[in-house]
Amino acid sequence: ADDLPHVSEADPTAKALGYVEDATATKDPKHKPGDTCANCQFYTGAATGYGPCQLFPGKAVNAKGWCISHTAKQA
Ligand code: SF4
């Protein structure tokens, strides 16, 4: 899924969800340290690079990214 177009932070949906390419760069108080797309249940990609997120159909998010819809993967 690395071939999918990457979600841009400027994308309206991305803005609405406060998506950032780098989780450590967000100033959102909802972000908990260590939360990234890679450990979100909506993410189906590899641990590094880019992969699909169910909230961004047809696009790929950064494994190191984050948004306010982050939900921890169930173990
Ligand atoms: Fe990343 Fe999860 Fe937000 Fe999708 S829902 S952008 S995988 S944090």
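Residue numbers count from 1 along this sequence. What you see is a predicted model; the values in this text were computed from it and never measured. In each ligand, atom 1 is the first atom listed, and ligand 1 is the first ligand listed.
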Taking all non-hydrogen atoms of both residues into account, name the closest pair between Ala38 and Ala47 and its distance. CB-O, 3.9 Å
Within the 4.0 Å heavy-atom shell around Phe56, which atoms of ligand 1 are there? 6 (S)
Tell me, which pairs form a side-chain hydrogen bond (donor to acceptor under 3.5 Å, both in side chains) where one or both residues lie in residues 37-46, sequence neighbours left out? Asn39-His70
Classify the ring geometry between His31 and Trp66 as parallel (under 30°), tilted (30 to 60°) or perpendicular (over 60°). perpendicular
Could you check if a side-chain atom of Pro52 sits within less than 4.5 angstrom of a side-chain atom of Phe42, using non-hydrogen atoms only? no
Shared ILVMFWY cluster between Val20 and Tyr50, side chains joined below 4.5 angstrom? no
Does the Thr13 side chain pair with the main chain of Asp11, one donor and one acceptor, at a distance under 3.5 Å? no
Less than 2.8 Å away from atom 3 (Fe) of ligand 1, how many protein N/O/S atoms can be counted, ignoring water? 1
